[in-house]
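Since the structure comes first, as structure tokens, the remarks are kept for the end.
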Amino acid sequence: MTDRVIVNIEGFSVEVYGDGVVSPQVSQASLALAAIRLLRPDAFAVPHPSARAAVHRSTPGISGGTIQAWAERVVQTLDMYERDRLSVADIWWSRRKQELETLPAPVAQLDLMRLRSATIDFDEMLANANYFLFEHKELDTPFEAFGDPVGLIISNGQIVSPPQTGRSCLCFGNGSISIEKFAFSDLSISLPNGAQIDAHPLGAFDHDKFANHPVALARGFGAPGGLTPANEDTFEIVIVGRHAVAVAQGGSTPIPRTGCVLVFPKAPSEEVIAALRDGVPLMYNLGVKALLEAVQAGPSIVQDGAIPMDDRFFVREGMHLESAVGDMAYPAPASWKADWHHTRAARLGAGIRADGSCFLLAIEGQSAFLETPVKGATLYDLADQLRLEGAVHGIHLDGGGSAQLFRPFGGALLRPGDFCKAFSDTFADYDRPIPLALKLTLKRAS
């Protein structure tokens, strides 16, 4: 076991970076570091999904349908594909053949937590705590970008990003911190005109139930193959986060891992189409107790004071697939190994004690790269340390190069864990650009 830090907290807020103003210098640094991570010299920055395109861009879909881009990021991505003579179908099927060399890499708006720490108070810290798209194989639609967060995010009472696979979340509301589990099927969705749309349950598309009713689909939730059902009559709106980024007709539309697709048996009203096209966000509703802040990570590694004795929780929380699905629809952002005892890395976890108090536990580490000695903790180590500190419930928040913990003005409590892959003969640590952070309110000593 290497160095560790324990932080007792009273609450937290989720700060989402990508939907705000990022300086050109930070954008340039984030893009350069992301390009190094992806080993792609042709990585290019794309704006937040809310950004509208001055001219809409149409392109063929996967099986004869048409996709019209409504967001600037999609227009830019399609233009890059066209430059390299790639179609939406080429990108989709190349993922399944693992032929990734010809793919330009869109990069989302990210930020550096070290710089953001200059804005926090002396009784606060910043920590990373979510998963985001991080590999070439995860960018298989023209709607997403490297760095887009995946899973439930609630910030200031607003659901910013919907859950996907059922997985544990660290939640804050009514003055208490808890660990809950949510899946895409727990949602309902409100359109700009107030109309409600239900999320499809886990499993194949239910033609009998939804033939005449609109429904929201996510990967595995009505679309185990990752595509909407083929139907020349349906009208489909692609959502990333809370924003419409494209409209499609004809079915077989790729579903982003970072949102959903709204499927209508016939076109909705012109009022709804115009509002979504102009950037009016939709609203997600969980229908449970009010949560002020939440971030989905996982898995849950301490339950009722005990550590799971097998690796089945990887499957239960959608971290691991035991067999391939037709479209390689791994649990987002990617399929983990069912690895409880072997992989060592930096780790961040949160524990809740019997009296309801919460603490974060950070363990410094170094991943296996450049044939250096592996340092850090396994997931079992993290669970064991959480329990030793009194946790009756515990969750894994993040690990590896994403694990970061800062005091005000860039005081790092963990050594950065990202390495510059472009220079294989050099040891160099870098902060990893990330899409969001937890702002922790520290518990005052009694």
Side-chain angles (χ1 to χ4, degrees), residues 49 61-68 70-71 92 141 143-144 150-152 159-167 182-277 280-288 296 318 325-327 329 331-332:
I62 286 183
S63 61
T66 300
I67 296 173
Q68 184 184 81
W70 281 353
W92 180 261
T141 78
F143 315 122
E144 306 149 311
V150 175
L152 178 66
I159 298 177
V160 177
S161 177
Q164 299 289 319
T165 304
R167 188 173 297 162
F182 299 107
F184 182 75
S185 53
D186 294 319
L187 291 173
S188 63
I189 297 169
S190 299
L191 296 177
N193 66 351
Q196 298 288 306
I197 296 179
D198 290 331
H200 196 286
L202 187 67
F205 186 76
D206 188 336
H207 290 272
D208 294 333
K209 184 175 181 179
F210 295 108
N212 300 307
H213 300 281
V215 62
L217 306 187
R219 296 200 180 192
F221 295 82
L227 300 172
T228 62
N231 186 331
E232 62 182 16
D233 296 324
T234 57
F235 187 96
E236 300 172 340
I237 299 176
V238 181
I239 305 293
V240 173
R242 298 175 59 207
H243 296 275
V245 297
V247 62
Q249 291 183 281
S252 298
T253 301
I255 300 176
R257 298 173 189 270
T258 54
C260 60
V261 173
L262 309 181
V263 178
F264 298 85
K266 59 181 181 180
S269 69
E270 288 295 331
E271 173 192 13
V272 169
I273 294 174
L276 291 173
R277 184 182 59 232
V280 177
L282 50 74
M283 302 284 288
Y284 296 108
N285 313 292
L286 273 174
V288 295
Q296 193 162 31
V325 177
D327 75 324

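Heavy atoms only, all atoms of each residue included: Arg219 and Gln164 are closest at N-OE1, 4.3 Å. Summarising the geometry of Gly241 relative to Pro162, their closest heavy-atom pair is O-CD, 4.0 Å, with the distance given to 0.1 Å. Ala244 approaches Ile237 most closely through the heavy-atom pair CB-CG2, 3.7 Å. Shown here for Ala195 and Asn193, the closest heavy-atom pair between the two residues is N-OD1, 3.0 Å. Between Leu202 and Ser185, the shortest heavy-atom contact is N-CB, 4.5 Å.
The closest side-chain heavy-atom distance from Leu282 to Leu262 is below 4.5 Å. Between Ile273 and Val247 the shortest side-chain heavy-atom distance does not fall below 4.5 Å. For the pair Thr258/Ser161, no side-chain contact is recorded, criterion being any heavy-atom separation below 4.5 Å from C-beta on. Within the 4.5 Å cutoff, the side chain of Cys260 has no heavy atoms near those of the Leu217 side chain.
If you run side-chain contact (heavy atoms from CB on, under 4.5 Å) between Pro256 and each of Val245, Ile239, Val238, Val150, only Val238 comes through.
Put simply, the side chain of Gln249 never gets that close to the backbone of Asn231: no donor and acceptor are under 3.5 Å apart. When atom types are taken as modelled, the side chain of Gln296 and the backbone of Phe182 share a donor-acceptor pair closer than 3.5 angstrom.
For Asp198, the side chain to side chain contact (heavy atoms under 4.5 Å, CB included) test picks out Ser188, with sequence neighbours left out. Thr66 meets the side chain to side chain donor-acceptor pair (under 3.5 Å) test with no other residue; sequence neighbours excluded. Checked against side chain to side chain contact (heavy atoms under 4.5 Å, CB included), Ala211 has no partners two or more places apart in sequence or in another chain. Remark: Thr228 engages Glu236 in a side chain to side chain donor-acceptor pair (under 3.5 Å) (not counting sequence neighbours). Residues meeting the side chain to side chain donor-acceptor pair (under 3.5 Å) test with Thr141, sequence neighbours left out: Glu144. Among residues two or more places apart in sequence or in another chain, the ring pair (Phe, Tyr, Trp, His ring centres under 6.0 Å) test is passed with Phe184 by Phe221. Under the side chain to side chain contact (heavy atoms under 4.5 Å, CB included) criterion, Ser63 pairs with Ser252, not counting sequence neighbours. In terms of the ring pair (Phe, Tyr, Trp, His ring centres under 6.0 Å) criterion, Tyr284 has no residue partners (sequence neighbours excluded). Here Gln68 pairs with Trp70 under the side chain to side chain donor-acceptor pair (under 3.5 Å) rule; sequence neighbours left out.
Among residues at least two apart or in separate chains, ring pair (Phe, Tyr, Trp, His ring centres under 6.0 Å) pairs with a member in residues 185-205 are His200-Phe205, His200-Phe210, Phe205-His207. Sorted by first and then second residue, the ring pair (Phe, Tyr, Trp, His ring centres under 6.0 Å) pairs with a member in residues 224-270 read His48-His243; sequence neighbours excluded.
To the nearest 0.5 Å, atoms CD1 (Ile197) and CG (Leu191) are separated by 4.0 Å. Lys266 NZ to Asp233 CG: the interatomic distance, rounded to the nearest 0.5 Å, is 12.0 Å.
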Open item on the list: side-chain contact (heavy atoms from CB on, under 4.5 Å), that's the test. Do Asn285 and Ile189 meet it? Break it down for me.
Closed with: CA-CA 6 Å; Asn285 313 292; Ile189 297 169; 5.9 Å; no

